[in-house]
Amino acid sequence: MFNRIIVIVLDSVGIGEAPDAHLYGDVGTHTLAHICEEYSTIQLPNLCKLGLANIAKLPGINEVSSPTACYGKMIETSVGKDTMTGHWELMGLHVSYPFQTYPDGFPAALIQAFEQQTGRKVIGNKPASGTEILDELGEIQMQTGEWIVYTSADSVFQIAAHEQVIPLDELYRACEIARELTLQPEFAVGRVIARPYVGETGAFRRTSNRHDYAIAPPEPTVLDHLKEAKKEVVAVGKISDIFSGQGITKSIHTSSNLDGIQQTIEQLKSDFEGLLFTNLVDFDSLFGHRRDPVGYGKALEQFDQWLPEIINHLNENDLLIITADHGNDPTHLGTDHTREYVPILAYNKKRRAGQSLGVRTTFADVGATILDNFGISNFTNGTSLLAEI
């Protein structure tokens, strides 16, 4: 049995179109391969040492003869290709309904109710990049005090507010109001997100005071079962937001991929028994949605450079799992996530060489492995990988 399992989600790092990609308009997508094509000088030696290039062919990168990790890829069985669905399935759930998206903005009835209950008008109400919407409307908000409301390819209701115009407490209260409104079936949204920012016209920047208000998982997840069994569940990044705090014993919010990596290393220095669960969101939010394959590739290189430091802080009875929650091919049309396989790399220091885990039929194999490791038998979805790793 492993004393600690560390799951690092490289948010949106897909590894090839899923079998049902045609149902999502994602035929031909391959996040990792297309990044390697566009950023042809990419160097990922440490991920490849674990076996990343043994999972699928990556342009310009050779597979290794003796990977140090067990390697494979997983199919998402839940409906959808969003962050919450991917993470929930990783932790044992099967989501049978897609979260609503709003490519034309939110319904007038929802916006009117939000305005009435918050006492401020709304500007925006359309899909937009978080930085571009500030360039467009930030100055107007500073003059009028109106809410900037926008969405994306995800099921999100995002509210941007300048911290010197609208206090954080008021922004958070507005998000709570939006969360209540969007729990109604006709307005269903996966997450409401506070997007505070500071600065002046032409130099606006978002702050680390972001806060997510997500729908709670519809049934207990692996995290709940671990907490009930008196195991630690340490969440780094937006994990706690994704699970509405359920099953979390300690939460550390982060400001960037690098911050998330460093916080993960810091938690590895402490002694605990249970799960350390990290999400590195910049791959998705800064590069996937913005269709920036070179920036995406450089972010992958940054993680790769820090990977030896993460491994150095592992104990012999730790298991490291590196995976993803969906794809976001930066060369694909639009700005949406992409329906793809996700990689799985499972590493333990005592194991000298890894083996292929093949193609797993659900992300929930990760959750089943965690519960199996800690002797918790109440999982119904997924097949434990423990005997194979």
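From a predicted model like this one, the values you see are computed outputs, not experimental measurements.
At a cut-off of 3.5 Å, with distance as the only test, no side-chain donor of Thr29 or Glu17 sits close to an acceptor on the other residue.
Salt bridge Lys126/Asp104: absent, no basic N to carboxylate O contact under 4.0 Å. Using a 4.0 Å cut-off between charged nitrogen and carboxylate oxygen, Glu176 and Arg173 count as a salt-bridge pair. For Glu232 and Lys250, the salt-bridge test fails: no basic side-chain N is under 4.0 Å from an acidic carboxylate O. Electrostatic pairing of Arg4 and Asp318 counts as a salt bridge here, judged by a charged N lying under 4.0 Å from a carboxylate O.
Cation-pi check for Lys231 over Phe374 is not met; the charged atom does not lie both under 6.0 angstrom from the ring centroid and within 45 degrees of its normal.
The shortest side-chain heavy-atom distance between Asp154 and Arg191 falls under the 4.5 Å cut-off.
A side chain to side chain contact (heavy atoms under 4.5 Å, CB included) with Val366 holds for exactly one of Glu89, Met91, Arg360; it is Met91. Just one residue in the list Thr323, Val359, Leu357, Ile15 forms a side chain to side chain contact (heavy atoms under 4.5 Å, CB included) with Met74, and that residue is Thr323.
A distance below 6.0 Å separates the ring centres of Tyr102 and Phe106. In this structure, the ring of Phe157 has its center no less than 6.0 angstrom from the ring center of Tyr150. A centroid separation of 6.0 Å or more is found between the aromatic rings of His332 and His34.
To the nearest 0.5 Å, the span separating CD on Gln143 from CG on Leu137 amounts to 11.0 Å.
Residues Val236 and Gly260 come closest through the heavy atom pair CG1-O, 3.8 Å. Scanning all heavy atoms of the two residues, the minimum distance from Gln141 to Ile148 falls at NE2-N, 3.4 Å.
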